[in-house]
Every structure is written in C-alpha cells, then in structure tokens.
Amino acid sequence: MTTHDHGTRDAGPPLPQPPQPPADPPVPTASAAPAASDAPTMAPAAPAAPAASAASDGGRLARVRRGRPDDPRWARPALWALLAVTTVLYLWSLGASGYANQFYSAAAQAGSESWKAFFFGSSDAANSITVDKPPASLWPMALSVRLFGLSSWAILVPEALMGVATVGVLYAAVRRRFSAAAGLIAAAALAVTPVAALMFRFNNPDALLCLLMVSAVYCVLRALEDARTKWLVLAGVCFGLGFLTKTLQAWLILPPLAVVYAVCAPAKFGRRIGQLLLAGLAMVVSGGWWVAIVELWPASSRPYIGGSQHNSFLELTFGYNGLGRINGNETGSVGGGGPGGGGRGGGRWGDTGIDRLFGSDMGGQIAWLLPAAFILLAAGIWLTWRARRTDTRRAAFLVWGGALLMTFATFSFMSGIFHQYYNIALAPYIAALVGMGAALLWERRNEGGRAGAAASAVLALTVAVTAYMSYVLLGRSPDWHPWLRWAVLIGGLAAAAGLLLTGLLATGRLGRKAALAAAGLGLAAGLAGPVAYTLNTVDTPKQGSIVTAGPSVAGGMGGPGGGFPGGGRMGGPPGMQNGRQGTGQQGQGQQGQGQQGQGQGGRQGTPGGGTGGTGGGQPGGQNGFPGGGFPGGGQSPRNGQGNSQGGQGQNGTPGMLPGGGMGEGGRRGGGMGGLLNGQQVDAEVAAKLKKNADDYTWAAAAIGSQNAASYQLATQKPVMAIGGFNGSDPSPTLAQFKEYVKQDKIHYFISSGTGMGGGPGGGQGTSSQITSWIESTYKKVTVGSATLYDLTQRKTG
C-alpha cells in the first residue's frame, strides 16, 4: 500500500512548516512503493471515504459535482461559477475579430478541404507550402471548420475552449496540494491575465501550447505524489504534443521539472532516473512520429516546409524557430538574418535585460502579478525548506517556480523574434505561485504568534507591491480611466495596512473578520488592473500577426493596433503616438530615400505613416525597420510614400501601422499590411478569382502568406503563398513557377502593389524574380482595388 507523503519536517526554520491538508486516499500499487533504503518514513495516509458513501453519492460523478470531501460547501459552486464566467468572457463578441491571424485561418481552411494539407499544416489545399510551425495547433481549428463550415467562430471557439480547459486544469493542479481557495485564486488570476485573455481568443499556436504545458505540470505533480510511472509518461506525451505545437518552446521548462522529479520523487534514485528516461521516450515518440514522416516523405510530393531555407523541418526547428530565437540569427525572418544590435545587448526586437517584461510594451501584458509571484515563491520555499525530500508542497513550489524562472530568463534575454503575446507562457506559472503562496501564508498567519505575524507582514508586502505595480502599469495609459490607478493604489495600501495590523494586534473572531476583509480588499486591488485590461481586450477586435492586450501605452505600440517589434524601440515612426481619441488621421510621411545602400524610413510620419525608402538598406535605418527599408533588408514599397486613411482606432491609437499597415479598427493601407495582416478583398475581386477556379490547381498566387491568405479565405480556393510568411523562402523557384504556369496550374498572380513591392524577402530573391518575370510577360488586369496578372494571357508586341 502506497501512502502520500505530507512533508513531515525534521526541523523548522523561524517560520515553521504549516500543517498539510488531508490527501486523497492512497491507491494500492506495487510499482509505486518506494524502497525502504531510500525513501523516508511516510506520514500516515488520510482515511479513505467509506465505500458505501461513495457508491451512494455516485462516486466520481459526485466528486465532480461536489468536490473533495474536505472541501467547504462553497468550493465547487465557486469553481463552476468561475469556469462559467471564464467561458462567457472568452466567447464574448468573439466573431468581431474575424479571421484573427489570417495566416493560420487560411491553413485551417486548407486542412478542412484536404487531409494532406491537414497533416502537413499547409497554407493552401493544393499544398504549395506549410506554415512556419508544426501543425498540431491547426488540427482543432481545421476539424471545427470541416464540421461547421468556414467562419470566425468555427476557427476561434476551439481556442476559447482551450482557455477554459487551461483554467480548470490549473485549479486542479493547485488544489491537490493546497486549499480550494488557493486553486480558485490561481484559476481566477490566470483567467483575467490580459495576455491570456488575448490569446485564448486568438488563433495563434500559443493557446494550445499553454494548455499542454499546464497539463504537463499537473502530470508531473501527480507523479511526485507516489512515483507512479503513468503520470510521468503522460507528462512526456504532453511535452511531445507541445513540440508539435510550437517546437522547442515546449521544452523550455523541461530541465527544472526533470531535476525536481529526480530529487524529490518518493522512489529509489535508480527508479527515478528510469522513469525519467521512459517519459523522455514517450516525449520523443509523441512528438517525433510526425517529424520522421515529414523528413522521410519525398520532398517532391509534399509541401515545402515554410520558414526553412532548404525545405527541412529540422532546419526550421533548430534555426528559425530554435536557436535563432535566442541569438537573433534568423535567416529569412523579418529584419534579416544576422543578430541585430538594438538595446542593451538586445536585438531588432527591443532591448533585452532583466526588466524587459516590465517595460512599456510588455508590462501590461503580464507584469501585474509578476513581483507577487517572485515574493510568494521565495516565501513558499522558505516555509517548506526543512521538509522531507519527498514533500509535495515544496515540490509544487519548485516545479511552478522553476518553470517561471526558466521562461522569465529566456524571454528577458533572447535576441530573436519576440512578440508581446509570447508572455502567455508565463501566465499559468505566475497564477499558480500566487494562489499557492497566498494560501500557505494565510494558513501560517492563522496559527498566530511571531510566525503568524511574520506571515502577515509578507502578505502585506505582497499586496502593497502588487498595488504599486498596477499603479505604474495603469499610469502608462494616463487618459484611460485615470481614476482606476489611484483606486488600486489606495485600496492596495489600505489592504496591506489592514493585514499587517490584524497580524500584529487583532485576535479573536473580530480580528479574523477584519483580516478576511483586508485580504478580500487586497485581492480585489491586485486583480482590478488585469480585469480592466482584460475587459478592454475582450471588447476590442484583434487581427493580424502582432497583437497586444489592453489599451495603448506611452512609450510602446500596444493597444488595439497590436504591438510592433520591440514596442517601437526598433524606431517606429513618432507619428504613431499622435492619434487623438481613437481617430486615425490621414497623414503622409516624408518620402524615404535609399542612397548608397543606406535605407531611411519615413520620418516624423503622422498616423498615416510613411513607408521605407526605395533602396534596400543596411541595418541601422532611421525611424524605420531594421535595414531602414522593408523587413528583410530588401526593396521597400515603391515611391517610399504612405498616404492612407486611418479609420477608427481606440484609446488614442492611430488606425495605421507604420507605412500604412493596419492598426486594429483602421482600414488597411499599403506598407506592412501584406506582411503583418491580410488585405481587404473586394467582392468583385473574389468573384473574378473564383470564376473557373476549379480548372486550375491554384486560383491565384501572391507574395507572402498573409496576402495569399486574404484571397484564399475570401474565395475558399487555393492561393499559392510565394515565399511563405515573409516572402523570403525560396519556394517556389522561378523555374518551378514557370513550369506551373506552363502547365496551366495557376490562373492569376495578385500584385502586391505598394503593399509588398518585390516581396518582404526583397532584393534579388525568388519573390522578386517571379514578380519581375510576371510583370514583363503577362497582361495586367485591374479589378476593383486589386491589380491581377492573368497568367493565361501573355503580353503582345
């Protein structure tokens, strides 16, 4: 009979180990029993509930409905209420975002039409090229579209449901070793984290990855209870599926989890190592089967691997999506292929450093409870430091804390592509530590004495620091509900004082009520800022490749329009901060000039924004993108001049991104619109492309995946994305494209006009070569606002 270890301590620090809650009834299993020579004497198991009672209550069904036997009556109704509110929050006005990131929506549409495209994650049903990620995150969306038809809801509802599931799994993970209140605090903190609310309503891979990582941690924590191999194997499967979602990012937290299990699991050391190896095998199999098939499949009969330069998924994994994200050497990415100098040892994607995630463009996404998580992690480890090796509460702090520290350090110092929404990876780790740490300190506080007073002091410090953090973050949007930051600061400081005073002076029933009131006020003050940001996020449509949560902030480029690389520290146009009351005014940036290879972006552009110069610049362009010209250092939009109507933004955010790209709420102009978001497709153009489309393999071809995605979603016909996402992948080559045209496989070529020029890859790359050949060979056809080339009609004369 295996029993749970409740962490009986040998000797306590000045703040003694608080009593552990009763554990679940032990499960008899021979394989789980630790060897007497290695494991310490285990604490007695909690008595199992009578079988008759379990049977009469419906067993597991009753537990789902009512919770654990030792839960207070309010616990399970509170959980269901939280999950219901989270569901409404994540589904509210979901369709307003349209197809969100059209890059992935087009791939989901393709997967719903072709099982081959479904398997490979192709951008189109004719399988010309894949997205630049493995396909696992596309599979739920593609199945939904196959079942319910193509719509915004069919694509985004699976993401929202993943968010609700993540909140539920986090509650279960925290509740097993701590109180129901701890689980509810953690789950609520995750649900209202702005970046989590953003990405659980969006169709990037991060929603599925977050669910899988929380599930993996849950499985590891279950394995740490009694060393059952099955839970560790299930954790390995979660990591393997995570790899098929977002490659190596899924393995970021593997080292701390493996170390904690190797040290703390209640089994002989040799058995622990064997279990870890078995879990590693499960991870490799669950994540490697797809990679093996893709690498062994003849390249001539599968789509090109988007994001790679040599049609290899392994190259994509370890290059563009792997080490390139760390050192900035990302061949084929936006901004070119070498490490860029930007900030303090940083790169093209903003300054790096320990304070990166607290900065203007990142802080509002994730930093609200980050200081609290660090404080409570330290407090939790201190309180459990002298516990037995197998103590599950200390292991929980080490697991969640290790995951937080590893991810925080990587995000703070990586020099490659880094978007604000990546911070969703931190959200569950922060939330878990806040729930666990607050509950543990509250238990210690209730024991009274000097230790209780010390616990009250730490709780008070945590509340005060959190309130100040919210005050700072809310102050970055001074015109957005300015009263809120003062209310949060005053309420938080009052709650901190109340916790401190009740811990030192108050006793008896009245003192406990006063402490509860102070704790409730502190919780409300700590979550008020994230809730406000989250409600703003839910109420604002989000589209494009780079999106952010909350209102626009001073010194950053967040808000409805999304965030640009580095939050503007790449040198975005100063005019981007000149919007008033959400109106993106028409503006015209000065014409950029490219001389002697030195690109210069549009300077002092107003919200309409100027685009980069006509020359392909070198790194170091002014007020523009890396290289001064277009991403990739190639040819910038023609004439170097942006002139487009901003439309309606929100909260003082101009409607336009640099060069006339789309800021949410604004209509797309030229510039970056074709790279970071798709084009608006007129009904006349869609009808033209659909006519006789079934006679061709591809109804059309366009430079860049976002351009192609717009027309594909409008017509539901395959559109070839030349050059992949950035337009810089060598697929297809000019010779291959000519052969496709010769065989009448492509009907139209969609000119990017001022939106993409020669393609983001620019220069003399494949995209530019194909564009030049088409323009000199085939007839131009203007349909509505689009310029097409009919590839069945050559020029005459």
Side-chain angles (χ1 to χ4, degrees), residues 99 102-103 105-107 109-114 116-117 122-130 150 300-301 303-304 306 674 678-725 727 729 731-753 755-759 766-797:
Y99 291 124
Q102 296 189 22
F103 175 56
S105 292
Q109 182 274 330
S112 73
E113 297 285 340
S114 162
K116 185 175 182 179
S122 301
S123 292
D124 63 86
N127 293 287
S128 62
I129 193 170
T130 71
L150 180 64
S300 59
S301 65
Y304 186 93
Q679 305 292 325
Q680 288 188 340
V681 180
D682 298 337
E684 185 180 0
V685 178
K688 181 76 170 179
L689 295 178
K690 286 195 288 186
K691 186 176 181 180
N692 301 322
D694 292 338
D695 295 337
Y696 301 87
T697 304
W698 291 277
I703 305 295
S705 295
Q706 289 285 14
N707 271 334
S710 301
Y711 294 94
Q712 182 170 305
L713 292 168
T715 63
Q716 298 193 42
K717 302 294 182 182
V719 177
M720 176 186 291
I722 299 173
F725 182 83
D729 297 344
S731 172
T733 64
L734 176 60
Q736 288 172 329
F737 190 85
K738 287 181 176 180
E739 186 63 26
Y740 289 144
V741 173
K742 181 180 179 180
Q743 297 174 5
D744 290 329
K745 290 187 174 182
I746 309 173
H747 195 177
Y748 292 102
F749 174 77
I750 303 167
S751 174
S752 303
M756 300 290 284
T766 298
S767 299
S768 294
Q769 295 172 11
I770 291 174
T771 301
S772 298
W773 175 71
I774 290 172
E775 290 176 345
S776 64
T777 308
Y778 292 94
K779 289 184 177 180
K780 180 190 297 185
V781 180
T782 301
V783 182
S785 60
T787 299
L788 310 178
Y789 287 86
D790 188 340
L791 301 184
T792 66
Q793 299 292 322
R794 285 179 172 266
K795 286 182 177 180
T796 58

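Keep in mind that the numbers below use all heavy atoms, side chains included, and drop hydrogens, waters and symmetry copies.
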Walk me through it: do V719 and W698 pass the test side chain to side chain contact (heavy atoms under 4.5 Å, CB included)?
-> CA-CA 5 Å; V719 177; W698 291 277; 5.9 Å; no
List in chain and number order the residues that pass side chain to side chain donor-acceptor pair (under 3.5 Å) with T733, two or more places apart in sequence or in another chain; answer none if no residue qualifies.
->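 Per chain and number, T733 pairs via side chain to side chain donor-acceptor pair (under 3.5 Å) with Q736.
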Excluding sequence neighbours, so at least two apart, what forms side chain to side chain donor-acceptor pair (under 3.5 Å) with S122?
->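 Side chain to side chain donor-acceptor pair (under 3.5 Å) check on S122 returns N127.
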Roughly how far apart are [X] [atom1] and [Y] [atom2], rounded to 0.5 Å?
X    : Y    : atom1 : atom2 : answer
M720 : S705 : CE    : OG    : 11.5 Å
H747 : L791 : NE2   : CG    : 8.0 Å
Q109 : Q102 : CD    : CD    : 12.0 Å
T766 : I722 : OG1   : CD1   : 9.5 Å
E739 : I746 : CD    : CD1   : 11.0 Å
T771 : I703 : OG1   : CD1   : 3.5 Å

Where the side chain of [X] meets the backbone of [Y], is there a donor-acceptor pair that is under 3.5 Å apart?
X    : Y    : value
K795 : E775 : yes
S767 : G727 : yes
S114 : A110 : no
D682 : E684 : no
S105 : Y99  : yes
Q712 : S123 : yes

Are N707 and I750 side-chain neighbours, meaning at least one heavy-atom pair lies under 4.5 Å?
->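 The answer is no, as the side chains (C-beta and beyond) never meet within the 4.5 Å cut-off.
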Contact check, side chains of I770 and P732, non-hydrogen atoms, under 4.5 Å |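 When only atoms from C-beta onward are counted, P732 and I770 do touch, with a gap below 4.5 Å.
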Partners of [X] by side-chain contact (heavy atoms from CB on, under 4.5 Å), sequence neighbours excluded?
X    : value
K738 : L734, W773
K691 : none
T715 : A686, L689, K690, K717
S301 : W297, P298

Which heavy atom of A125 sits nearest a heavy atom of A117, and at what distance?
->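 Smallest heavy-atom distance, with atoms named: CA-CB, 4.2 Å.
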Please report the shortest heavy-atom distance between T130 and P303, naming the atom on each side.
->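 Distance-wise, the nearest heavy atoms are CG2-CG, 3.6 Å.
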State yes or no: are the ring centers of F749 and Y778 separated by less than 6.0 Å?
->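 Ring centroids of F749 and Y778 are no less than 6.0 Å from each other.
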